[in-house]
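What follows is a single structure, written as structure tokens, with notes after it.
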Amino acid sequence: MQSKIGSLLEDELEARLVDETPLRASWNIPPGARVPILLEQADDDGALERQIIAARWGLLKPWNKEQREAFQWRTHNAQAETAGQKRTWKGPLTSRRCAVPAEAYYEWEKITEKDKRPYAIRPADGSMILFAGLWETWKQPEDEQLIVTFTILTGAAPDENAGGVLGELGRIHHRMPLAMSSEMASEWMNPVKLSEDAAQELLKRVYAGAYEVARGWEVQEVSNAVNTVANDSPELLDPVEPEVLF
DNA sequence: CCAGACGTTGTT
DNA sequence: GTCTGG
DNA sequence: CCAGACGTTGTT
DNA sequence: GTCTGG
């Protein structure tokens with residue numbers, strides 16, 4: 001995943017940067033990293049406000065006491081198909097929905113057991129992606145501090161014969177993160193507590209709209225420099241020429 | 001009732 | 001915390 | 001997600 | 001193999 005610095009996000013997302021923790025731009029964001037997420041909450045006066053908050057990618061379940069056990073599960077994604085039935089996602093789904101802004105994300109195509117090939121995926125028009133996410137708070141045992149964590153919902157990738165960018169997405173991977181239009185994101189982020197049924201319906205609509213959002217993306221093979229998290233520069237998004245075979 | 005799990009991706 | 005399994 | 005590490009007391 | 005770190 002790739003993300004802009006906080007101040008730029010404030011303008012672009014028309015939201016207030018709440019967490020003062022400096023959020024630097026990054027072009028290589030792994031699970032576990034802190035990145036800005038977008039959510040709606042009541043401000044000090046009780047008015048609904050759109051906020052940008054630094055959050056850890058990888059949802060930590062609030063009942064885990066030890067950091068070791070909290071970090072054990074891979075929770076950076078939640079399956080949209082079953083999220084409504086899973087204990088871990090139910091609470092967040094009814095009450096803590098967020099959007100995760102990104103300019104691009106990476107997907108790895110598995111070629112063989114050891115060979116994988118990274119692609120950068122982003123809106124062709126340079127706009128921001130708003131992934132559908134869920135957030136949660138976790139109390140750090142050492143200092144009782146609440147830290148915000150999040151996960152990104154995923155769905156089945158389109159059929160590889162779909163044609164166009166949807167076909168490309170399906171060809172390189174069988175899953176994809178669910179992105180939202182800005183209108184859908186506004187609905188999604190509304191912090192009203194939903195019933196489980198209503199939350200399920202809302203999620204279905206996000207899922208149903210995800211391919212249409214993805215239709216505006218482009219998929220470009222990039223250098224395997226992105227495989228090493230220490231590499232973090234805008235050049236990671238530069239396309240590499242596909243190998244000519246003859 | 002109490003005890004124990006609570007997840008995804010990808011691979012088989 | 002909340003659900004499932006026993 | 002991928003890359004890279006993984007370990008200590010006591011016994012041989 | 002599995003976990004940690006980034």
Side-chain angles (χ1 to χ4, degrees), chain A residues 1-3 21 23-35 54-96 100 102-122 129 131-139 141 146-147 149-157 160 169-178 193-197 199-200 203 207 219 221-233 236-237:
Chain A
M1 191 164 55
Q2 185 272 336
S3 175
T21 308
L23 286 165
R24 61 176 195 80
S26 175
W27 293 265
N28 205 349
I29 296 170
R34 278 163 57 84
V35 297
R56 179 192 188 274
W57 186 14
L59 188 141
L60 302 181
K61 292 151 293 180
W63 54 87
N64 280 141
K65 298 289 179 273
E66 304 286 334
Q67 179 151 335
R68 169 72 179 261
E69 91 187 305
F71 281 45
Q72 203 150 0
W73 297 104
R74 291 146 58 90
T75 53
H76 48 282
N77 290 122
Q79 274 193 333
E81 297 91 330
T82 54
Q85 286 77 53
K86 304 290 184 184
R87 291 187 284 264
T88 300
W89 312 134
K90 252 182 198 176
L93 197 55
T94 52
S95 308
R96 291 179 297 281
V100 183
E103 282 189 86
Y105 73 97
Y106 304 103
E107 196 71 86
W108 281 263
E109 176 187 17
K110 187 167 189 169
I111 309 296
T112 66
E113 188 58 42
K114 302 227 159 157
D115 189 20
K116 51 212 150 207
R117 193 171 294 167
Y119 294 83
I121 298 156
R122 54 182 153 173
I129 301 175
F131 290 119
L134 302 171
W135 65 279
E136 184 59 273
T137 55
W138 186 70
K139 190 188 276 182
L146 285 181
I147 64 175
T149 68
F150 72 97
T151 191
I152 291 175
L153 287 152
T154 62
E160 51 185 300
L169 288 171
R171 183 180 57 75
I172 63 176
H173 201 59
H174 69 112
R175 301 290 294 170
M176 66 181 280
L178 301 183
K193 175 164 176 149
L194 301 175
S195 68
E196 286 184 17
D197 285 350
Q200 185 68 62
L203 175 55
Y207 202 165
V219 179
E221 188 182 342
V222 294
S223 152
N224 59 14
V226 73
N227 294 2
T228 299
V229 184
N231 296 328
D232 188 358
S233 70
L236 292 179
L237 288 173

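Worth knowing before you read on, the calculation uses all heavy atoms, side chains too, and leaves out hydrogens, waters and symmetry mates. Below, read A as the first sequence line, B as the second, and so on, with proteins coming before strands; counting in each chain starts at 1.
Across all strands shown, A/W73 has heavy atoms under 4.0 Å from base atoms, whether or not it also approaches the sugar-phosphate. Using a 4.0 Å heavy-atom cutoff across all strands shown, A/P30 reaches at least one base atom of the nucleic acid. Using a 4.0 Å heavy-atom criterion, one finds that A/T154 contacts the sugar-phosphate atoms exclusively. Contacts of A/A78 with the nucleic acid, taken as non-hydrogen atoms under 4.0 Å apart, involve only primed sugar atoms and P, OP1 or OP2.
Counting to the nearest Å, the C1' atom of C/dG1 and the CG atom of A/L60 are 15 Å from each other.
A 4.0 Å heavy-atom criterion places the boundary nucleotides of DNA chain D facing chain A at D/dC1 to D/dA3, written 5' to 3'.
In this structure, the side chains of A/W73 and A/K61 come closer than 4.5 Å at one or more pairs of heavy atoms. Using a 4.5 Å heavy-atom cutoff, the side chains of A/Y105 and A/I152 are not in contact. The shortest distance between side-chain heavy atoms of A/N224 and A/W108 does not fall below 4.5 Å. A/S26 has its side chain out of reach of A/M1: every pair of non-hydrogen atoms, C-beta onward, lies at least 4.5 Å apart. A/D232 is listed as a side-chain neighbour of A/R24, based on a closest heavy-atom distance under 4.5 Å.
Taking atom C1' in both D/dA5 and B/dA5, the straight-line distance is 29 Å, to the nearest Å. Using atom C1' as the reference point in both B/dT12 and E/dG1, the two lie 16 Å apart (nearest Å). Atom C1' of B/dC1 sits at a distance of 43 Å from the matching atom of D/dT8, rounded to the whole Å. A distance of about 33 Å separates the C1' atoms of D/dT9 and B/dG4, rounded to the whole Å. Rounded to whole Å, the P atom of C/dC3 lies 12 Å from the corresponding atom of B/dG7.
Among all heavy-atom pairs drawn from A/R34 and A/A54, the shortest one is NH2-CB, 3.5 Å. Heavy-atom minimum distance, A/L59 versus A/T88: CD2-CG2, 4.1 Å. Residue A/A225 comes nearest to A/N28 through the heavy atom pair O-ND2, 4.5 Å, listed as atom of the first residue, atom of the second, then distance.
Between A/E109 and A/R171 a salt bridge is recorded (basic side-chain N to carboxylate O distance below 4.0 Å).
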For this session: For the pair A/E103 and A/R122, evaluate side chain to side chain contact (heavy atoms under 4.5 Å, CB included) and give the outcome as yes or no after the intermediate values.
Result: CA-CA 6 Å; A/E103 282 189 86; A/R122 54 182 153 173; 6.0 Å; no
So which protein N/O to nucleotides 4-6 of chain C N/O distances come out below 3.5 Å?
from  : atom 1 : to    : atom 2 : distance (Å)
C/dT4 : O4'    : A/R87 : NH1    : 3.2

Problem set entry | Pairing annotation in dot-bracket form, given for DNA chain D with Watson-Crick or G-U pairs under 3.5 Å and | for cross-strand partners | ||||||......
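A/F150 and A/W57 have parallel rings, their planes meeting at less than 30° on a 0 to 90° scale where 60° marks the start of perpendicular.
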